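These notes are about the structure you will find just below.
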Amino acid sequence: MPKLEIDGREVEVQHGSTVMEAATKLGIYVPHFCYHRKLSIAANCRMCLVEVEKAPKPLPACATPVTDGMKVKTNSAVAKTAQNSVMEFLLINHPLDCPICDQGGECQLQDLAVGYGGSSSRYAEDKRFVMAKDIGPLVAAEEMSRCIQCTRCVRFGQEVAGVMELGMIGRGEHAEIVAFVGKSVDSELSGNIIDLCPVGALTSKPFRYSARTWELSRRKSVSPHDGLGSNLVVQVKQDRVMRVLPLENEAVNECWLSDKDRFSYEGLNSGERLTVPMIRQDGQWREAEWQEALGFAARGLKAFGVLASPHATLEELFLAGRLGAAPGNAADFRLRHSDFSADGRRAGIPWLGMALAELGKLDRVLVVGSFLRKDHPLLAHRLRQAAKRGTEVHVLHAVDDDWLLPVRSKKIVPPSQLLSALPGFAGALRGAGNGAILLGNFAQHHPQAARLHAAAQALAKETGVRLGFLGEAANSVGGYVAGLPAGGGLPAALQKQALLLLNVEPQLDCANPQAAMAAVRGARFTVNLSAFKSELGDVLLPIAPFTETPGTFISTEGRVQSFHATVHPRGEARPAWKVLRVLGTMLGLPGFDFEAVEQVRQACLGGKQVASMLSNAIELPSAPAPAASAGGIERIADVPIYFADPLVRHSLPLQKTGDASPPRAWMNARMFKSLGATEGSPVLVRQGTGEAGLVAALDDKLPDNCVRVPAAHPSTAALGPMFGAIELETVTAQRVA
């Protein structure tokens, strides 16, 4: 390992390290703009010029490899003169509009100009002007004249997001960053370019001109969405969430956030927030005091089922489980699951099977049944980086979505053939020194989920690889830790004459919306604990979303992460754990005498180690797969990324994105021909007792006799289960309307 000297201090670094990395190891700051430790080296800003002994001129620290015995000076007269000169050139065309710039106060250029810029400019020529650009509803590119062409945003798209959506055209002062003609920036990780931009060229469109950075208080939190458990910084002004940024945690989300995690906070400030208890009497809603509403709810809850969201906190799920465990009751959180035959046969709680960081060290990985990029954006990023380093990625799925990473082999089969196709990957996995089989959301929601689990376990044992589950939601692991399912689980809960809904919209959050809504409509009494207004139930109790309540999420890797409330509850809303505690007490049930959320957490976790509860082993024979279903049209249902839970569904900026566009009925050309349909023609989809009018769309990568019809969307909420047979017919536009 080479040793070098920087500013008189000796340091030893790995072979291939740069001067910048060596300086960082010593804690010496070298000014820079284009350099970022997670991106490739561009060396185009030249701000990091340093003096290197025996070199004829200053060298860029970010692009200069270290050599043994090298001597570097970062703050010598030569280095300072070079850095000051670079700053002067950078400011020639910069508009210098700091007082009105949305980046003011957190601008890297502004900060470095204080230390390395002059008090006045020697240039009197006109500054350049770059036209504003509309690149989508999330990222604002209104003041591109501020851009200093560091190309961080371009490199991020290519190297991290996996898709080149931005690029640089022109040369010299005519150079500018643009999107492709007629295109917007649609990556599910696009918001990270806001953080990467060192000036005010790319800013947050929802946050734009709403607050100054020094007006905001910063509080740590944890994402309530997918199973990753991304760490957040929630920024607050006057008791209102104004912005969400990543809290760097190399073991979890590194320094990135998905757009779902970053922009879902807009749903917290939605006009659809439920802020006061409501009671339905004589078919009409009226406001009520908490005491009256709770009393009304308690009187109606007799032998009831609890449907709890997997996005609820551990404490809320624990109390929901206690309600469901009472005699005559039932509770579950696995709302989109359709196969419960594995209950009682698992050795422990299904989980990722490894630490998140270990994904990048795998030699081979088989991903089964996953809309990976949309279900788990940052897990997809980790696998993308692993694939770049040589990891073989194999895919078994019902759709051939572009994961923006190299795939060694894939099988795209109808949902009914997923199980029979799984053993065919034995050859691809055999001999892997460090491999894994990962079961995605689609596999976990499958009607044969238990048999898929057993078959994957058998394949993992045969090939010597590990088995893991990609957790669907923030508490897909935490729900089991909390004691759910209880009293027979979801099937039993839907049979009860009374229901309690915890942060659930049954028509959008359940595997079979028809069955769920039939249960709600057929129930004698329904209590709806919700953060948003609803027409479902006999009593609506306003509960606090994750920013307004303390709680705990247990990620898909089994990481327990607790957080505090960042703002006070909106209006009369209350933390759901408090509401459930009071309901339990009013129902006369034992074990609800808690005064603080820490007591609930302690009662749930006690002295248990979550790690000891995790196991992907299942005691279910891996029987030969049944013959594939013959005839009929199979539905392939994905859950669109911005319709996965109530909070993202109420975030207006996310609902303006391309990923939130109305669902279509996707099919291949042979299906088009058999139906007599054309691209864009209206079709009627029937399933069970419901139907949905959609527009036909072509996807030649889909299997024969299959139609992709998304779930969790109002336009398809009348349909039946996410898997199974559907009927299609072409109709006139008037009939669809």
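Since the model is a prediction, treat every value here as computed from it, not as a measurement.
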Euclidean distance, [Y] [atom2] relative to [X] [atom1], rounded to 0.5 Å:
X      : Y      : atom1 : atom2 : answer
Leu189 : Leu378 : CG    : CG    : 5.5 Å
Phe553 : Thr313 : CZ    : OG1   : 6.5 Å
Thr547 : Tyr265 : OG1   : OH    : 12.0 Å
Trp577 : Arg601 : CH2   : CZ    : 10.0 Å
Thr552 : Glu598 : OG1   : CD    : 9.0 Å
Arg322 : Cys604 : CZ    : SG    : 9.0 Å

Locate the shortest heavy-atom distance separating [X] from [Y]; write the atom from each residue and the value.
X      : Y      : result
Ala320 : Ala331 : O-CB, 3.8 Å
Val477 : Pro350 : CG2-O, 3.7 Å
Ala493 : Ala330 : N-CB, 3.7 Å
Leu470 : Ser370 : CD1-OG, 4.0 Å
Ala712 : Thr716 : N-OG1, 4.4 Å
Gly324 : Val306 : N-CG2, 4.5 Å

Just by modelled atom types, is the [Y] backbone N or O under 3.5 Å from a matching donor or acceptor in the [X] side chain?
X      : Y      : value
Gln561 : Ser555 : no
Glu572 : Glu289 : no
Ser230 : Leu257 : no
Asn528 : Leu536 : yes
Thr657 : Pro137 : no
Gln687 : Pro721 : yes
Arg243 : Thr213 : no
Arg299 : Leu294 : no
Glu266 : Leu652 : no
Asp259 : Ser190 : yes

[X] [atom1]: over 12 foreign heavy atoms closer than 6.0 Å:
X      : atom1 : answer
Lys578 : NZ    : no
Glu287 : CD    : no
Gln238 : CD    : no

Checklist entry - Step by step, would you call Leu319 with Phe594 a side chain to side chain contact (heavy atoms under 4.5 Å, CB included)? => result CA-CA 10 Å; Leu319 294 176; Phe594 301 108; 3.7 Å; yes
Hey, is [X] close enough to [Y] for a salt bridge, meaning N to O under 4.0 Å?
X      : Y      : answer
Lys374 : Glu188 : yes
Glu272 : Lys533 : no
Glu292 : Arg286 : yes
Asp659 : Lys260 : no

Checklist entry - Please walk me through it: do Leu301 and Val527 pass side chain to side chain contact (heavy atoms under 4.5 Å, CB included)? => result CA-CA 8 Å; Leu301 288 175; Val527 177; 3.8 Å; yes
Less than 4.5 Å apart, side chain to side chain, heavy atoms only: is that true for [X] and [Y]?
X      : Y      : result
Val481 : Leu605 : yes
Ile194 : Phe207 : no
Leu138 : Leu654 : yes
Lys496 : Asn329 : no
Lys237 : Leu216 : yes
Leu245 : Arg262 : yes
Glu315 : Leu580 : no
Met354 : Glu557 : no

Give a yes-or-no answer on whether the side chains of [X] and [Y] include a donor-acceptor pair shorter than 3.5 Å.
X      : Y      : result
His568 : Asp239 : yes
Ser341 : Asp339 : yes
Ser264 : His225 : yes
Ser221 : Arg219 : no
His311 : Ser309 : no

Item to check | Candidate list Tyr642, Phe263, Phe532, Phe643, test ring-ring contact (aromatic ring centres under 6.0 Å, His included), partner His650, passing option | outcome: Phe532
Next on the checklist: Show every salt bridge (charged side-chain N to carboxylate O under 4.0 Å, His left out) that has at least one partner inside residues 637-654, sequence neighbours left out.
Outcome noted: Glu505-Arg649, Asp509-Arg649, Asp638-Arg708
Checklist entry - Do His445 and Glu472 pass the side chain to side chain contact (heavy atoms under 4.5 Å, CB included) test, and can you show the C-alpha distance, the side-chain angles, and the key distance before you say yes or no? => result CA-CA 10 Å; His445 298 160; Glu472 172 189 7; 3.3 Å; yes
Checklist entry - What class does the angle between the rings of Phe333 and Tyr480 fall in, given that below 30° is parallel, 30 to 60° is tilted and above 60° is perpendicular? => result perpendicular
Next on the checklist: Would His337 and Leu490 count as a side chain to side chain contact (heavy atoms under 4.5 Å, CB included) here? Give the steps.
Outcome noted: CA-CA 9 Å; His337 290 220; Leu490 186 63; 5.9 Å; no
